[in-house]
Protein chains: 2
Amino acid sequence: MDQSICPRFEKAMGLLSQRWTGLIIYQLLSGPQRFCNMESSIGVSGRVLSERLKDLENEGIVNRAVFPETPVRIEYSLTDKGKSLAPLMEEIEKWSQNWLEV
Amino acid sequence: MDQSICPRFEKAMGLLSQRWTGLIIYQLLSGPQRFCNMESSIGVSGRVLSERLKDLENEGIVNRAVFPETPVRIEYSLTDKGKSLAPLMEEIEKWSQNWLEV
DNA sequence: ATATCCAGTTACTTTATGTAAGTTAGTATA
DNA sequence: TATACTAACTTACATAAAGTAACTGGATAT
């Protein structure tokens with residue numbers, strides 16, 4: 001294994017190539033979301049969603065806000081770092097529309 | 001699980017979120033590569049590299065060319081569909097440079 | 001008292017990936 | 001003739017990641 005690939009690029013790929021991470025970010029680009037909402041709209045299991053949201057929070061990509069209502073409301077949203085992924089998501093969208101069949 | 005996410009986008013994400021797929025495409029953007037070369041430059045095991053290259057060939061993203069030399073030379077390269085991922089890779093590169101530490 | 005809701009967590013199963021050795025074909029070397 | 005070397009895989013086995021479904025806890029509503 002030599003040094004040819006930029007470590008930042010590798011890290012970014014490592015993030016995006018985690019299963020569900022891309023879809024989670026994509027969903028959050030349309031606004032803050034609740035846990036149960038993401039679970040059903042993305043189709044990811046609670047076990048993994050919980051894990052991914054923690055990772056993304058640790059990476060500074062996702063923010064977690066607690067509203068002590070009844071029942072408790074917790075909103076996940078994108079930080080600036082997270083929002084800065086919008087152009088990348090648009091590229092994926094464009095490519096998928098130009099090159100993929102349904 | 002509702003219908004909110006475009007199925008093409010989901011498929012694109014499904015491809016990119018396979019471990020190693022992004023790095024394989026990224027490496028191939030710099031030109032045709034041989035199996036043993038990718039194995040060492042990316043750091044992926046032969047078992048998975050073989051699997052990924054077959055998948056990408058089936059998707060029409062990668063082309064496999066056999067040169068009957070001794071020992072045999074097999075070159076993997078990107079098809080037009082594969083090359084069309086360049087802008088997306090550039091976005092990942094840009095984002096990683098702006099937002100990630102090494 | 002029982003049930004409901006959200007946001008998770010836990011235990012257990014299935015799938016994906018890593019590791020290291022083996023295979024095949026064509027030379028080259030001893 | 002026998003052994004060795006190379007590239008490109010494949011196979012068998014071990015470990016890690018993800019899926020599934022049941023469960024928890026606090027606050028209410030029936």
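Hydrogens, waters and symmetry mates play no part in the numbers below; they use all other heavy atoms, side chains included.
- For the salt bridge (charged side-chain N to carboxylate O under 4.0 Å, His left out) test, residues two or more places apart in sequence or in another chain that qualify with A:Lys94 are A:Glu91.
- When the side chain to side chain contact (heavy atoms under 4.5 Å, CB included) test is applied to A:Ser17, no partner is found at least two apart in sequence or on another chain.
- A:Pro68 and A:Val66 make their closest contact through CD-O, 3.7 Å (heavy atoms, listed as atom of the first residue, atom of the second, distance).
- Pairs engaging residues 69-82 of chain B under the salt bridge (charged side-chain N to carboxylate O under 4.0 Å, His left out) rule: B:Glu69-B:Arg73, B:Arg73-B:Glu75 [sequence neighbours left out].
- Here D:dG19 is the nucleotide among D:dA8, C:dT17, D:dG19 with the atom lying nearest to any side-chain atom of A:Trp20.
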Output one line per pair: protein atom, nucleotide atom from nucleotides 23-26 of chain C, and distance, for all N/O pairs under 3.5 Å.
residue : atom : partner : partner atom : Å
C:dG26  : O3'  : B:Thr70 : OG1          : 2.9

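- Sequence order on DNA chain D of the closest nucleotides to A:Val72 and A:Arg19 puts A:Arg19 first from the 5' end.
- Sequence neighbours left out, the pairs with a member in residues 11-29 of chain A that pass salt bridge (charged side-chain N to carboxylate O under 4.0 Å, His left out) are A:Lys11-A:Glu59.
- Overall, the helix from C:dA1-D:dT30 to C:dA30-D:dT1 carries an axis bend of 30° between its ends, with five pairs at each end and the value rounded to 10°.
- Under the side-chain contact (heavy atoms from CB on, under 4.5 Å) test applied with B:Ile24, the options B:Ile61, B:Leu53, B:Val48, B:Asp55 reduce to a single match, B:Leu53.
- Considering only residues two or more places apart in sequence or on other chains, B:Glu90 meets the salt bridge (charged side-chain N to carboxylate O under 4.0 Å, His left out) condition with none of them.
- In this structure A:Leu16 satisfies the side chain to side chain contact (heavy atoms under 4.5 Å, CB included) test together with A:Leu88, A:Met89, B:Ile92, sequence neighbours excluded.
- Every residue two or more places apart in sequence or in another chain was checked for a salt bridge (charged side-chain N to carboxylate O under 4.0 Å, His left out) with A:Glu101, and none qualifies.
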Taking only nitrogen or oxygen atoms into account, show me every contact under 3.5 Å that the protein makes with nucleotides 10-13 of chain D, one pair per line with its distance.
residue : atom : partner : partner atom : Å
D:dT10  : OP1  : B:Lys54 : NZ           : 3.3
D:dT10  : OP2  : B:Ser50 : OG           : 2.7
D:dT10  : OP2  : B:Lys54 : NZ           : 3.0

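- Checking C:dT17, D:dA8, C:dA7 against every side-chain atom of A:Cys36, the shortest atom distance belongs to C:dA7.
- For the ring pair (Phe, Tyr, Trp, His ring centres under 6.0 Å) test, no residue two or more places apart in sequence or in another chain qualifies with A:Phe35.
- Residue B:Tyr76 is classed as a sugar-phosphate contact, given heavy-atom separations below 4.0 Å to backbone atoms only.
- Taking atom CZ of A:Arg73 as the reference point, atom C1' of D:dA27 lies 16 Å away to the nearest angstrom.
- With sequence neighbours excluded, no residue forms a ring pair (Phe, Tyr, Trp, His ring centres under 6.0 Å) with B:Tyr76.
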